[in-house]
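Quick notes on the structure that follows.
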Amino acid sequence: MIDVQRYSSDQIDATVTVLADAFVTNPLHVSALGPHRLDQNRLFFRIGLRHMFIGQSFVALSDGEVRGYVHFNASPYCLPPPEEIPLAAATLLKPRGEALPQVVKWISRWCRLDPEEPHVHLGPIGVAPAAQGQGVGTALMHRYLDYLKQERAAGYLETDRPENVLFYKRFGFVVQGKEVVIGTPIWYMWRAQEA
Ligand SMILES: CC(C)(COP(=O)(O)OP(=O)(O)OC[C@H]1O[C@@H](n2cnc3c(N)ncnc32)[C@H](O)[C@@H]1OP(=O)(O)O)[C@@H](O)C(=O)NCCC(=O)NCCS
């Protein structure tokens with residue numbers, strides 16, 4: 001049984017573990033933070049959960065344990081203006097050390113490309129590796145789709161894994177662009193507002 005509920009800050013430790021384990025092998029995280037850098041990923045998500053993922057956040061629990069997490073936020077404040085990134089990164093992400101310039105390049109690029117058209121921005125979504133392929137990600141996506149329906153909004157996301165492109169297509173997203181960011185192919189995907 002998968003139970004999706006609102007994220008609460010007392011779940012931060014379990015959620016950091018889920019997200020760091022889920023993303024440590026993602027190509028963009030490898031490019032930015034280095035291969036096998038669970039420590040860097042843990043710190044990245046701890047900072048993210050405290051300061052960056054400030055929209056709607058949900059966790060998926062099974063057997064009382066956090067197995068997955070999703071965050072989404074409505075534009076135009078879903079990402080900061082690109083010119084704020086270097087300062088914000090230097091302050092918030094200082095512990096990233098040598099990874100900092102790559103993280104700044106990555107996040108600034110995503111901020112710059114954030115669509116003008118109103119949307120609800122998805123990300124991050126991650127499921128603990130041992131719990132993947134069992135419907136946890138789908139349950140979290142349905143919570144996001146419910147929100148899109150309720151707000152009569154379009155959806156938008158960025159992804160760095162070709163298999164995720166297929167995953168998101170199942171939920172009505174289409175690829176609207178692709179490019180290489182810090183050495184990694186990135187797909188930009190859009191889901192039109194439902195009629
Ligand atoms: C992407 C992710 C959130 C999907 O969560 P999940 O719990 O594994 O997804 P589900 O079990 O609900 O999968 C739904 C379907 O998509 C398929 N699918 C999901 N992830 C897949 C993957 N990485 N490769 C191939 N198929 C995948 C599943 O096979 C499943 O199909 P089925 O219903 O026919 O069996 C999860 O794989 C993950 O955390 N990945 C690492 C972090 C990441 O890339 N996050 C997204 C960044 S944009």
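Numbering of ligands and ligand atoms starts at 1, following listing order. None of the values given here were measured: they were computed from a predicted structure.
Sorted by chain and number, the heavy-atom contacts of ligand 1 below 4.0 Å come from A22, F23, N26, I125, G126, V127, Q132, G133, Q134, G135, V136, G137, T138, E158, T159, R161, E163, N164, F167, Y168, R170.
The closest side-chain heavy-atom distance from N73 to Y77 is not below 4.5 Å. Annotation: side chain of L113 is in contact with side chain of E179 (closest heavy-atom distance under 4.5 Å). In this structure the side chain of E194 never reaches within 4.5 angstrom of the side chain of L148, judged on heavy atoms.
Checked against ring-ring contact (aromatic ring centres under 6.0 Å, His included), F45 has the following partners two or more places apart in sequence or in another chain: F23, H29. Remark: F171 engages H142, F167 in a ring-ring contact (aromatic ring centres under 6.0 Å, His included) (not counting sequence neighbours). For H71, the ring-ring contact (aromatic ring centres under 6.0 Å, His included) partners two or more places apart in sequence, or in a different chain, are F53.
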